[in-house]
Amino acid sequence: EEWKDKGAALGVREEYDDNGKLVLRQVKKGVRDFVFGRTLGEGSYSTVLLATDRQTLKEYAVKILDKKHIIKEKKIKYVNIEKDTLNRLIEHPGIVRLYYTFQDSASLYYVLDIASGGELLGVLKKIGSFDEECTRFYGAQILDAIEHMHNRGVIHRDLKPENVLLDDQMHIKITDFGTAKLLPDPRKPKDPATSYDMAGEDDELTRAQSFVGTAEYVSPELLTEKNACKASDLWAFGCIIYQLLTGRPPFKAANEYLTFQKIVGLDYAFPPGFPPAARDLVERLLVLDPQRRLSIEHIKNHEFFDGIQWGRGLWRMKAPRLK
Ligand code: ADE
């Protein structure tokens, strides 16, 4: 078993206290440091539980991955990519933060920020659709988080309203980096410990079997070229903006095959009353050629986002009341 998290196995460090007495200091958190509570979410390889740190009483969301299942399904590479990705993206308010990782004989544990507002999809379903102001605010926060990921060499590859969580302030936190693609970090010369997904170098066979995200948000280049790039996340972003305003994604059909046909045929329409500035933005994002899609800088300057204060101010803003 090549689980990456075997460092600090003892979890203690020898230190001397103020009186010069040798003490063992805990440096590594473990299962026994948390009280586990209710289930927050369930995925195909994992369960997310509420957990409270016994010492600080701080609450976390702990993602528990079943080792046997991961080995059986040959997903070891992906759980390591998720950990490496989260470790690279810390310190952004729009991305779920990874605090600790540990393991026992059965499971891997990722201790994450808790997002008590649940999924953006749940909120959207409850109220049907967002008005322009709410779409502008949530769109801007999602875009700011995407920009941070891309600047750090991470392509998410499965952006959708289920993977956008809301915290107690109703600010977004992007989650689920298990299918992300890690590019070499532009800010670091090299980090040999990182698990790369053979970015751009995989042979035809691995490419043909490689990951496809959720049907409705998949970019046309992934379907035709079997290749995702940073612009693929911006295609998904265009789908999300459309969905926030209408309540449904632009490409939706009875099954995956028909959905894919609609995507590669750019077969979608705007309902009456769709705001014109948002329509212009979506039309410039849902472009088949990824190289011709609007860049993040151009999206930020698009008239739909007029009045948005980009940067830190966006995360100090009070979220608009949902309506
Ligand atoms: N479900 C999955 N991840 C979660 C998180 N970080 N917070 C709350 N619920 C979640």
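Values in this document were obtained by computation on a predicted structure and should not be read as measured data. Just so you know, ligand 1 is whichever comes first in the structure, and atom 1 is the first atom listed for that ligand.
Below 30°, between 30° and 60°, or above 60°: for Phe237 and Phe305 the angle between ring planes is below 30°, a parallel geometry. The aromatic rings of His171 and Phe137 sit tilted, their planes meeting at an angle between 30° and 60°. Under the 30°/60° scheme for interplanar angles, the aromatic rings of Phe270 and Tyr268 are found to stand perpendicular. The aromatic rings of Trp315 and His92 sit perpendicular to each other, their planes meeting at more than 60°, with 30° as the lower class boundary.
Counting heavy atoms from C-beta outward, Leu121 and Glu162 have side chains that approach closer than 4.5 Å.
A donor atom on one side chain and an acceptor atom on the other are found under 3.5 Å apart for Asp158 and Thr214.
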Any protein N or O within less than 3.5 Å of an N or O in ligand 1? List each pair with its distance, or say none.
| from | atom 1 | to | atom 2 | distance (Å) |
| --- | --- | --- | --- | --- |
| ligand 1 | 6 (N) | Asp113 | O | 2.9 |
| ligand 1 | 7 (N) | Ala115 | N | 2.9 |

